[in-house]
There are 2 protein chains.
Amino acid sequence: MSRFAGRLLRLQRISDDFAAMSFDLDAFLPYRLAVAATQVSRRFAARYEAQAGLSIPEWRVLAHLSRSGAVSVRDITARVNLDKSIVSRAAARLEGAGYLRKSGHGTDQRLVVLDLTDSGRALMDQLGCIADAFQAELLAELGDDAPAFRRALLKLGGPTD
Amino acid sequence: MSRFAGRLLRLQRISDDFAAMSFDLDAFLPYRLAVAATQVSRRFAARYEAQAGLSIPEWRVLAHLSRSGAVSVRDITARVNLDKSIVSRAAARLEGAGYLRKSGHGTDQRLVVLDLTDSGRALMDQLGCIADAFQAELLAELGDDAPAFRRALLKLGGPTD
DNA sequence: AAAATACCGTTGCAGGTGCAACGATGTCAA
DNA sequence: TTGACATCGTTGCACCTGCAACGGTATTTT
């Protein structure tokens with residue numbers, strides 16, 4: 001038995017490789033997803049940083065406001081997947097930069113209503129063009145996989161998680 | 001004047017909707033990608049947090065080491081898409097927890113070689129099972145879109161960006 | 001009506017992240 | 001050989017994020 005020890009170890013090592021396969025991080029979906037998100041986010045930030053030095057939360061708030069019109073912080077928080085504190089601070093910075101204004105709600109004094117200024121709308125028009133161009137670029141890179149990719153993202157990032 | 005201003009703004013917004021179509025954040029790929037990545041990352045963290053309170057960088061370093069064997073901090077930063085400072089701190093914590101050892105490189109004293117301890121390998125065996133199970137779950141949710149999704153992630157997050 | 005409860009937005013705080021600078025080591029050129 | 005330059009890992013620092021607590025307001029209960 002003892003003279004087979006070395007051979008047994010080799011066999012065990014090999015069988016481990018087949019059985020446990022030690023785990024391949026590069027093929028792990030959550031990892032690939034995180035890496036792709038980071039890369040894409042950086043690429044996009046580089047595009048709009050030239051136009052305005054916005055952070056990602058600021059960008060999201062601005063984009064949502066441009067479509068929803070006047071709306072409360074609470075609504076944005078729910079819609080944009082950001083903590084309310086982040087939305088609050090982003091709104092404060094955007095207000096300081098003159099891109100939106102805050103006003104009280106008529107019937108519910110707890111609510112703070114956010115609305116874009118003309119300056120904010122003008123900025124968002126530019127950023128919207130940049131965003132559309134960037135998205136077109138991404139879609140071109142994805143080619144035929146784009147539709148499935150979009151569906152998959154909706155499944156994974158949907159609100160019912 | 002304030003009443004006129006409000007009315008003008010409303011009109012302008014409506015015309016913007018027709019002209020520029022304002023931009024739909026919900027359909028914006030970088031946004032969906034970021035949201036999906038956050039959600040999946042949270043779900044996965046909840047799974048392995050029960051086994052060990054690892055941060056994402058610690059998890060990545062551990063996973064990479066389990067496959068690559070003894071390797072320097074520099075190698076890990078390159079393959080794992082993390083800043084070297086983050087890898088350095090993650091390695092320090094993992095060393096403190098007894099999951100890896102640091103040792104000097106024979107010929108190049110600048111390098112710090114990282115290697116898993118038995119404890120680290122044992123932990124990684126468990127985490128690998130959890131990861132595989134979670135990935136299977138994700139693939140089931142994605143269904144037919146899974147292959148295209150994987151291809152797309154590789155295109156977007158590839159090292160050639 | 002008064003009290004208890006729930007909700008909204010802000011703020012303080014601990015921890016993580018990204019970047020740049022640093023000391024230490026290695027490499028190359030004069 | 002020596003000096004200039006590059007590389008490696010750590011650390012300091014400013015910023016951002018996530019969470020919890022808070023004051024202020026609405027809603028429900030008694």
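Labels below follow one simple rule: chain letters A, B, ... track the order of the sequence lines, proteins then strands, and each chain is numbered from 1. Any value given below was found using the heavy atoms of this structure, including those in side chains, with hydrogens, waters and symmetry copies removed.
- For DNA chain C, the outermost nucleotides in 5' to 3' order that have an atom under 4.0 Å from a heavy atom of chain A are dC7(C) to dG18(C).
- Shortest non-hydrogen contact noted between L123(B) and A52(B) is CD1-CB, 3.9 Å.
- A search for side chain to side chain donor-acceptor pair (under 3.5 Å) contacts involving R42(B) returns nothing, not counting sequence neighbours.
- Atom CG of L111(B) and atom P of dT10(D) are 11 Å apart (whole Å).
- What separates CD1 of I56(B) from P of dG18(D) is a distance of 11 Å, to the nearest Å.
- Within 4.0 Å of D83(B), counting heavy atoms only, lies at least one base atom of the nucleic acid.
- T38(A) comes within contact range of no nucleotide atom at all, as no heavy-atom separation falls under 4.0 Å.
- Of the two residues near DNA chain C, V73(A) and S55(B), the one whose nearest nucleotide lies more 5' is V73(A).
- Between L54(A) atom CG and dC15(D) atom P the separation is 17 Å, expressed in whole Å.
- Using a 4.0 Å cut-off, some side-chain N or O of R42(B) falls inside it from OP1 or OP2 of dG18(D).
- Under a cut-off of 6.0 angstrom, the local environment of CZ in R101(B) is crowded, with over 12 non-hydrogen atoms contributed by other residues, nucleotides or ligands.
- Contact check on E141(A) versus R43(A) returns a salt bridge, with a Lys/Arg side-chain nitrogen under 4.0 Å from an Asp/Glu carboxylate oxygen.
- Residue T107(A) is in sugar-phosphate contact alone, with no base atom involved, counting any heavy-atom pair closer than 4.0 Å across all strands shown.
- Residue S72(A) is classed as a sugar-phosphate contact, given heavy-atom separations below 4.0 Å to backbone atoms only.
- Between F134(A) and F44(A), the ring planes are parallel. Angles under 30° get that label, and only those over 60° would be called perpendicular.
- Looking at heavy atoms from C-beta onward, L25(B) lies in side-chain contact with W59(A) at the 4.5 angstrom threshold.
- Rounding to whole angstrom units, CZ of residue R89(A) and C1' of dT17(D) are separated by 8 Å.
- Atom pair R110(B):CZ and dG9(D):C1' shows a separation of 11 Å (rounding to whole Å applied).
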